Amino acid sequence: MKIINVTGARPNMMKVAPLMKEMRRHKEITSILLHTGQHYDEKMSKVFFSDLSMPEPDIYLGVGSGSHAGQTAKVMVEFEKVLLSEKPDVVVVVGDVNSTMACSLTAVKLHIPVAHVEAGLRSFDRTMPEEINRIVTDSVSDYLFTTSEDANLNLKKEGIPAEKIFFVGNVMIDTLLRHMEKAEGSDVVQRLGLKEREYSVLTLHRPSNVDGKENFEGILDALRHIQKRIKIIFPVHPRTFKMIKEHAFSDTIKEMMNLIIVDPMGYLDFLKLMSNACFVLTDSGGIQEETTILKIPCLTLRENTERPVTVTEGTNIIVGNDRDKIVKEAENILDNGGKAGRVPKLWDGRAAERIVEIIKKNIGRR
Ligand code: UD1
């Protein structure tokens, strides 16, 4: 059985790593790792291969950045050539980035079955590019592997037959649990001169937060208040870096003595940084899940989340980009501690195992 696993952007790497590892344990599976090159920097891509002990990609498409249409189209054109020559039995895509949608569309048009890992998540906000990617990918996938009951329900409501939906848990958490011990060895906390629980961590890159000047300003205003009470470590995403320059925010940021700008981090450093933090501020999807498992309070700088289980069961609170709400919730954590939360069902480190078993059983029968 030949399987092509697709990775493209940073948040794909930690989802594909446990799948590749599990597939390679099965003699009857030939697993191919394909990287579209959507993210290509050392810090956005390469470091994850070494941190997660991933094999080098077997196939690299090198598509790079571009407009949504341009990037999606480039991936499709290149991926089609690969599919025609490799003829895989199934294509596995993860998450919700442009590469996920592009590769699933290309495969289904060649009648190659698609398995979508992390299916069914919905923010119900169609202005998010990721929401469109999720809807399109799920609608053409043959195997929909979900992380939570709400995702199962979303898919059923969209008319996806129950036999295509498999509730398997969360591969991102497989990776987190597998790497906790290794991450303990990272010296990032000392290197940045920090003390356990005496700092917070910020990540920001959603177009809705950083592309528009007004929203970004509102968040900076909240940070100005928060950094008076606690250090904020801010690994800056390339998109955000570009927007800081474009909005001419560099001076505003420099004035905040406790807002500490650093480069994007590798997986192990970032895991260590999060797990020792007092709380995390983020607009990322995956970080909402990781903080739930680490039991670190998380304030999500978005109006909605496609991962509601992190709010109902985990440590997450949705604060949007409203200055007062962000400051109030951050102060509440500083004064009273945050939500403790509990571990969502099946986030137990064995999702990849379940997925590979299901693929083997079903594809073998076709
Ligand atoms: C993408 C995903 C998003 C994910 C995020 C994580 C889509 C629609 N979005 O958003 O879901 O949460 O990745 O990082 O697929 N750039 C670099 N170096 C790189 C990669 C990008 O400098 O290695 C620059 C690009 O030039 C571009 C910007 O960063 O201008 C944004 O990159 P892009 O891949 O388009 O989208 P992200 O915002 O990273």
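Since this is a predicted model, take the numbers as computed values, not measurements. Just so it is clear, the values below take in all heavy atoms, side chains as well, and ignore hydrogens, waters and symmetry mates. First listed ligand is number 1; within each ligand, the first listed atom is number 1.
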Checking the side chain of Asp89 only, and the main-chain atoms of Lys2 only, is there a donor and an acceptor separated by less than 3.5 Å? yes
Out of curiosity, is His68 lining ligand 1, as in a heavy atom under 4.0 Å away? yes
Determine, for Asp269 against Arg191, whether the closest basic-nitrogen to carboxylate-oxygen distance falls under 4.0 angstrom. yes
Can you tell which part of Arg239 has a heavy atom less than 4.0 Å from ligand 1: side chain, backbone, both or neither? both
Ser45: heavy atom below 4.0 Å from ligand 1, yes or no? no
With the threshold set at 4.0 Å, does a side-chain nitrogen-carboxylate oxygen contact exist between Arg307 and Glu118? yes
Side chain to side chain donor-acceptor pair (under 3.5 Å) between Thr147 and Asn170, intermediate numbers included: CA-CA 5 Å; Thr147 52; Asn170 194 329; 5.0 Å; no
Is it the case that the side chain of Arg122 and the backbone of Glu306 share a donor-acceptor pair, with hydrogens and angles ignored and the cut-off at 3.5 Å? no
Hey, which atoms in ligand 1 end up nearer than 4.0 Å to a heavy atom of Pro238? 16 (N), 17 (C), 18 (N), 22 (O), 24 (C), 29 (O)
Lys328 backbone acceptor or donor facing Asn332 side chain under 3.5 Å: no
Part of Pro11 within contact of ligand 1 (heavy atoms, under 4.0 Å): side chain
Per-atom filter on ligand 1: closer than 4.0 angstrom to a heavy atom of Asp41 are 17 (C), 18 (N), 19 (C), 22 (O), 23 (O)
Just let me know how Arg134 lines up against ligand 1, side chain, backbone, both or neither, with a heavy-atom cut-off below 4.0 Å. neither
Closest to atom 25 (C) of ligand 1 (judged by heavy-atom distance), picking from Ser65, Gly70, Ser284, Gly286: Ser65
Around atom 8 (C) of ligand 1, find the nearest protein heavy atom and jot down its residue, atom name and distance. Asn98 OD1, 3.2 Å
Under 4.0 Å from one or more heavy atoms of His205, ligand 1 contributes atoms 4 (C), 5 (C), 6 (C), 12 (O)
Which bit of Glu130 gets closer than 4.0 Å to ligand 1, counting heavy atoms only: side chain, backbone, both or neither? side chain
When you look at CD of Glu181, are more than 12 heavy atoms from neighbouring residues, nucleotides or ligands closer to it than 6.0 Å? no
